[in-house]
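Here's the structure, in structure tokens; my notes come after.
Computed from a predicted structure; not experimentally measured. No hydrogens, no waters, no symmetry mates; every other heavy atom, side chains included, goes into these values.
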Amino acid sequence: MGDEPAPLTPHLRVYEHRAHTVLEFRGEIDLVSATELGPCLDRVTGRPGAQVVIDLRSVEFFDCSGLRLLYRSRARVLDGGGQLHLVCTHPLTLRVFRVTGLSRLLPPHPSLDAALATTARTGR
């Protein structure tokens, strides 16, 4: 067996990377999968001082249910004095983030390393 953890659900894999908890969303993020993802996100984002990265590179479809998850996760992490980063490369999802204004609140990064470089620059 390798060090790779099994996915918690078909839509989520959670692992640690450089002192951050990475939540890797997978597949279609819609009302059904968002309901499934919510409790895990709440556990991770509710920790005081949480350092979290949400990685959407393996997402094929992302609707308003996913947007609600991201807004809620961001609020919970910031309320606890932590930091949340977003990794996303899918053009349609990026467009939704721009149109809704989420990209101003939670700027998307093209890779995990790029997201974590932001933490290194800010010292958080």
Among residues two or more places apart or on two chains, list those pairs meeting salt bridge (Lys or Arg N to Asp or Glu O under 4.0 Å) that have a residue in residues 48-65.
Asp55-Arg57
Mind listing the closest non-hydrogen atom pair of Leu37 and His11 along with its distance?
CD2-O, 3.8 Å
With a 4.5 Å cut-off on side-chain heavy atoms, are Val44 and Leu23 touching?
yes
Apply salt bridge (Lys or Arg N to Asp or Glu O under 4.0 Å) to Asp30 and list each qualifying residue two or more places apart in sequence or on a separate chain.
none
What's the shortest heavy-atom distance between Val77 and Leu84, and which atoms?
CG1-N, 3.8 Å
Could you tell me whether the side chain of Leu56 reaches within less than 4.5 Å of the side chain of Leu86, counting heavy atoms only?
yes
Should the pair His20 and His85 be assigned to parallel (<30°), tilted (30 to 60°) or perpendicular (>60°) ring geometry?
tilted
For Arg18 and Asp113: C-alpha separation, side-chain torsions, deciding distance, then whether side-chain contact (heavy atoms from CB on, under 4.5 Å) applies.
CA-CA 10 Å; Arg18 291 176 36 199; Asp113 287 337; 3.2 Å; yes
Pair up each side-chain donor or acceptor in residues 87-97 with any protein partner under 3.5 Å, not counting sequence neighbours, and list the distances.
| residue | atom | partner | partner atom | Å |
| --- | --- | --- | --- | --- |
| His90 | ND1 | Leu92 | N | 3.2 |

How far does CG of Asp42 sit from OG of Ser73, to the nearest 0.5 angstrom?
7.0 Å
With side chains defined as the heavy atoms from C-beta onward, is the minimum distance between Val52 and Gln83 less than 4.5 Å?
no
List the atom of Tyr71, the atom of Thr100, and the distance in Å for their closest heavy-atom pair.
OH-O, 3.4 Å
Working for side chain to side chain donor-acceptor pair (under 3.5 Å), residues Ser58 and Arg26
CA-CA 5 Å; Ser58 296; Arg26 296 174 168 198; 5.1 Å; no
How long is the gap from CD on Gln51 to NE2 on His17, to the nearest 0.5 Å?
13.5 Å
Quick check for you: to the nearest 0.5 Å, what is the distance between Leu12 atom CG and Glu36 atom CD?
8.0 Å
Working to the nearest 0.5 Å, report the span between CG of Leu67 and CD1 of Ile29.
11.5 Å
Nearest heavy-atom neighbours spanning Leu69 and Phe25
CD1-CE2, 4.3 Å
Here the gap from His109 atom NE2 to Leu116 atom CG, rounded to the nearest 0.5 Å, amounts to 9.0 Å
Evaluation steps, side-chain contact (heavy atoms from CB on, under 4.5 Å), between Thr21 and Arg47:
CA-CA 11 Å; Thr21 301; Arg47 297 177 190 150; 3.6 Å; yes
Roughly how far, to the nearest 0.5 Å, is the OG atom of Ser33 from the CZ atom of Phe61?
9.0 Å
